[in-house]
Enquirer: 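After the structure tokens below, expect a handful of questions from me.
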Amino acid sequence: MSRPVRVRFAPSPTGHLHVGSARTALFNWLFARHEGGAFVLRIEDTDLARSTVESERAVLDDLAWLGLAWDEGPDVGGAYGPYRQSERLEIYREHAERLLAEGKTFRCYCTDEELEEKRRLALTDGRIPQYDGACRGLSAAAEAALSSEGRRPTVRAHRPTRDVAVDDLVRGRVEFAREMLGDFIILRSDGRPTYNFAVVVDDALMEISHVVRAEEHLPNTMRQLLLYEALGLEPPSFAHVSLIVDKDRSKLSKRRGASSVAEFREQGFLSEALLNYLALLGWSHPDAKEIMSRDELVRAFDLARVSSSPAAFDEDKLAWINAHHIREEPIGRVAELARPYFEAEGVCEPDGERFEAIVDLVREGLERLSEIPYAAGFFFTDDPEVEDDARPWLESETGEAVLKGLLSTLEAEEGVLDQASVKRALKAVGEELGARGKDLYMPVRAALTGRIHGPSLALVAALLGRDRVLARLSRAAARR
RNA sequence: GGCGCCAUCGUCUAGCGGUUAGGACGCCGGCCUCUCAAGCCGGUAACACGGGUUCGAUUCCCGUUGGCGCUACCA
């Protein structure tokens, strides 16, 4: 039963990567890395109508952004390719052919309309709408006749003859009664495989050892187990991970709030933060550790600690985790990631040592990188806008005195303006005027930044530099 | 309707028969402080319900209720 660990993530390329899918991918990846196994990426694009190459690109990009590197896949190849189901049609056909020859499947010539009518009838009679086996055991002559009518057959696998059970790694033993399933289609009338058939053939041929996927696939497992048996192949282990739901317990929708990896990226969430948060949705560290790097996650991950109940996506907590990572990542990287937000705002010089220092100063208060142009805005303008709540500090009498006092003190002082010299000047002015605390600092803060909140004032002033500080002080002092 | 999965603070969770039911986010208060944030300290708040099993159930079993999923020639 023990074979090399090989897991796969098999998205349908029908849009951007959803956070739910991202978590499934993450669990697969963590499991593979933890076990030293292979992480395979397979594209399930048999649904021609919905699959697009742009979507495939988008999904690959999202995955790469998250840092979930795959060992085999459509773009990197591998020994078990091809990795796009649309390129494996011949493989499915061969296997279906074999099953047909072995009598394990049969051709069904029923049309959509006929099936639909039977379904409708069953429903009104209060019966379970299930395929009635009309084409089971058709003679060659009968098939020929149906075929000559121009009917294109599907291929169906026989209904189960007994109950089926799976020992799920996160759910334990789950049993499926034989009655719940009729003869099911494995090949459509146009020759394309259905999901359940393609998955089994692929997972088997790609020697997937563990199928870690969303809970919605649990009922499919019965069909798949049946197909493994029919094909004479050993099934993998299964682990069905619960769904991620909305605050109101419904399926996470695109409607309210962000739900795709791309959206979170645009809002300025670091990939390690999103990854970190997603890992905590349904899994927990044995020591309750919450802020973790990719490496720490890999080290600690264990399928046995994966929860079986659905989890609600909480953007507040994601933001909290993001704030941590923004503060703790190397400043060079954070500055790099922050740059596009400045560029989008058309702010000048998002580069260089000063830029990095500014990002370093303001990142303390950030939950999302997208907030950074505002947080650092006053550094990049000669005349920062004075916000309403800052105005009173500039208009008061003591405020004016402080500004003028500081201005002359600073003007009298030679050399560079650094943190220490600013503090020294502030102290001197305060003593002279008998002002301290807010009365001393707030007018200066308002004059330099236009706001009443922000990083430590001495640091702000030092970063602004002597010229800007003097200019802003004199302009503010003259305002009144 | 049938089948399945799930059920601890508002949310994410720990717990795997005996705990003052723990942690985290959020919220509230305090400390720190020029402000905000961070940090630190404290507070708020939960075992859905009913039966069993057991000396003892949050924990095991059954049922009820509720949520979700599947029930396609979608994945």
Side-chain angles (χ1 to χ4, degrees), chain A residues 10-12 14 44-47 49-51 85 108 110-112 115-116 119 123 126-130 152-156 168 170-172 174-177 179-182 184-196 198-199 213-222 240 242-243 245 247-251 277 280-291 305 307-321 323-324 327 362-367 375 389-390 393 426 430 436-446 449 451-458:
Chain A
S12 313
T14 56
E44 310 220 322
D45 57 352
T46 55
D47 184 358
R50 296 197 295 157
S51 303
Q85 291 190 327
C108 171
C110 296
T111 63
D112 254 345
L115 260 15
E116 188 48 50
R119 200 172 358 248
L123 249 18
R127 302 193 326 271
I128 307 168
Q130 218 173 52
R152 311 282 308 152
T154 59
V155 175
R156 286 182 186 267
D168 192 274
V170 342
R171 263 146 236 284
V174 179
E175 294 178 353
F176 306 98
E179 300 80 34
M180 71 179 268
L181 193 61
F184 58 100
I185 295 176
I186 64 165
L187 231 46
R188 300 173 169 101
S189 51
D190 64 3
R192 285 155 48 227
T194 55
Y195 166 75
N196 285 293
V199 161
R213 62 175 20 160
E215 183 195 342
E216 52 186 322
H217 291 295
L218 189 52
N220 284 325
T221 310
M222 183 183 200
H240 287 93
S242 62
L243 263 22
V245 296
K247 304 159 203 4
D248 55 3
R249 299 271 116 192
S250 54
K251 209 170 173 180
Y277 176 67
L280 256 21
L281 232 42
W283 173 82
S284 60
H285 185 105
D287 300 331
K289 201 161 195 283
E290 298 215 286
I291 303 296
R305 290 190 65 85
S307 160
S308 53
S309 48
F313 197 89
D314 179 5
E315 231 184 279
D316 281 341
K317 184 138 186 182
L318 205 213
W320 174 77
I321 289 177
H324 267 272
R327 263 179 270 129
V362 301
R363 67 166 158 171
E364 285 285 308
L366 300 180
E367 286 196 325
D389 48 10
W393 292 105
L426 238 15
R436 31 191 274 265
K438 290 187 182 183
D439 288 337
L440 175 62
Y441 277 81
M442 292 312 255
V444 180
R445 177 175 292 286
T449 70
R451 303 174 191 172
I452 56 170
H453 301 311
S456 173
L457 196 52

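Note that the structure is a prediction, hence the values are computed from the model and not measured.
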Enquirer: Rounded off to whole Å, could you give me the CD1-to-C1' distance for the A:Ile185 and B:C73 pair?
Expert: 4 Å
Enquirer: Applying a 4.0 Å non-hydrogen cut-off, can you work out what A:Ala312 is touching in the nucleic acid: base, sugar-phosphate, or nothing?
Expert: sugar-phosphate
Enquirer: On a whole-Å scale, what distance lies between the P atoms belonging to B:U58 and B:G51?
Expert: 13 Å
Enquirer: Taking side chain as C-beta onward, heavy atoms only, is A:Asp314 less than 4.5 Å from A:Tyr277?
Expert: yes
Enquirer: Both A:Ala311 and A:Val170 contact RNA chain B. Which one's nearest nucleotide lies toward the 5' end?
Expert: A:Val170
Enquirer: Counting Watson-Crick and G-U wobble pairs only, both distances under 3.5 Å, name the nucleotide matched with B:C68, or none.
Expert: B:G4
Enquirer: Using whole Å, report how far NZ of A:Lys317 lies from P of B:C27.
Expert: 13 Å
Enquirer: For A:Leu318 and B:U13, what is the distance between atoms CG and C1' respectively, to the nearest whole Å?
Expert: 16 Å
Enquirer: With the sugar-phosphate defined as primed atoms, P, OP1 and OP2, and the base as all remaining atoms, what B/S/- string results for nucleotides 61-70 of chain B, 5' to 3', for protein heavy atoms under 4.0 Å?
Expert: ------SSSS
Enquirer: With sequence neighbours excluded, tell me which residues meet salt bridge (Lys or Arg N to Asp or Glu O under 4.0 Å) with A:Glu179.
Expert: none
Enquirer: Got a sec, which residues hit salt bridge (Lys or Arg N to Asp or Glu O under 4.0 Å) with A:Asp112, two or more places apart in sequence or on another chain?
Expert: none
Enquirer: If the C1' atom of B:C9 is compared with that of B:G22, how far apart are they to the nearest Å?
Expert: 12 Å
Enquirer: Could you check how far CZ of A:Arg171 sits from P of B:C5, rounded to whole Å?
Expert: 9 Å
Enquirer: Would you mind classifying the nucleic acid contact of A:Ser308 as base, sugar-phosphate or nothing, using non-hydrogen atoms under 4.0 angstrom?
Expert: sugar-phosphate
Enquirer: Rounding to an integer number of angstrom, what distance separates B:G23 and B:C16 when you compare their P atoms?
Expert: 16 Å
Enquirer: Could you tell me the separation between the CD atom of A:Glu116 and the P atom of B:C73, rounded to a whole number of Å?
Expert: 10 Å
Enquirer: Can you tell me, in whole Å, how much space there is between the C1' of B:C41 and that of B:C47?
Expert: 28 Å
Enquirer: If I take atom CD in residue A:Glu175 and atom P in nucleotide B:G4, what distance separates them, rounded to the nearest angstrom?
Expert: 9 Å
Enquirer: Partners of A:Thr111 by side-chain contact (heavy atoms from CB on, under 4.5 Å), sequence neighbours excluded?
Expert: A:Glu113, A:Glu114, A:Arg151
Enquirer: List the residues meeting side chain to side chain donor-acceptor pair (under 3.5 Å) with A:Lys438, not counting sequence neighbours, and say none if there are none.
Expert: none
Enquirer: Just name whichever nucleotide pairs with B:G18, Watson-Crick or G-U, keeping both distances under 3.5 Å, else none.
Expert: B:C55
Enquirer: Partners of A:Arg213 by salt bridge (Lys or Arg N to Asp or Glu O under 4.0 Å), sequence neighbours excluded?
Expert: none
Enquirer: Starting at the 5' end of nucleotides 32-42 of chain B, put B wherever the base has a protein heavy atom under 4.0 Å, S where only the sugar-phosphate does, and a dash everywhere else.
Expert: --BBBBSS---
Enquirer: My understanding is that a pair needs two contacts under 3.5 Å, Watson-Crick or G-U wobble. By that rule, which nucleotide pairs with B:C49?
Expert: B:G63
Enquirer: Quick one: does any side-chain atom of A:Arg192 pair with a main-chain N or O of A:Thr46 as donor and acceptor, under 3.5 Å?
Expert: yes
Enquirer: State, with a plain yes or no, whether a side-chain heavy atom of A:Glu364 is found less than 4.5 Å away from one of A:Pro455.
Expert: no
Enquirer: In whole Å, what separates the C1' atom of B:U13 from that of B:C6?
Expert: 15 Å
Enquirer: Pairing check on B:G10: which nucleotide meets the Watson-Crick or G-U wobble criteria with it, both distances under 3.5 Å?
Expert: B:C25
Enquirer: If you look at every strand shown and take non-hydrogen atoms under 4.0 Å, does A:Asn196 touch a base, only sugar-phosphate, or nothing?
Expert: nothing
Enquirer: Please name the nucleotide paired to B:A38 by Watson-Crick or G-U wobble geometry with both distances under 3.5 Å, or report none.
Expert: none
Enquirer: Over how many whole Å does the gap from A:Leu218 atom CG to B:U71 atom P extend?
Expert: 12 Å
Enquirer: Between C1' on B:U13 and CZ on A:Phe313, what's the gap in Å once rounded to a whole number?
Expert: 16 Å
Enquirer: Suppose we screen for side-chain contact (heavy atoms from CB on, under 4.5 Å). Which residues come up paired with A:Ser308, at least two apart in sequence or across chains?
Expert: A:Val170, A:Arg171
Enquirer: Expressed as a whole number of Å, how far does the P atom of B:G4 sit from that of B:U64?
Expert: 12 Å
Enquirer: OP1, OP2 of B:A75 versus side-chain N and O of A:Thr46: anything below 4.0 Å?
Expert: yes
Enquirer: Going by heavy atoms in the side chains, are A:Ile186 and A:Asn196 under 4.5 Å from each other?
Expert: no
Enquirer: Are A:Leu181 and A:Phe176 packed together at the side-chain level, in the sense that at least one heavy-atom pair is separated by less than 4.5 angstrom?
Expert: no
Enquirer: If we take the P atom in both B:C49 and B:G66, what is their distance in whole Å?
Expert: 15 Å
Enquirer: Identify, with sequence neighbours excluded, every residue that meets side-chain contact (heavy atoms from CB on, under 4.5 Å) alongside A:Ser189.
Expert: A:Arg152, A:Thr154
Enquirer: What I want to check is whether an N or O donor and acceptor connect the side chain of A:Ser189 with the base of B:C73 at under 3.5 Å.
Expert: yes
Enquirer: Between B:C62 and B:A46, how many Å separate the two C1' atoms, rounded to a whole number?
Expert: 24 Å
Enquirer: If you compare every side-chain N and O of A:Arg305 against the phosphate oxygens of B:C12 (OP1, OP2), does one of them come in below 4.0 Å?
Expert: no
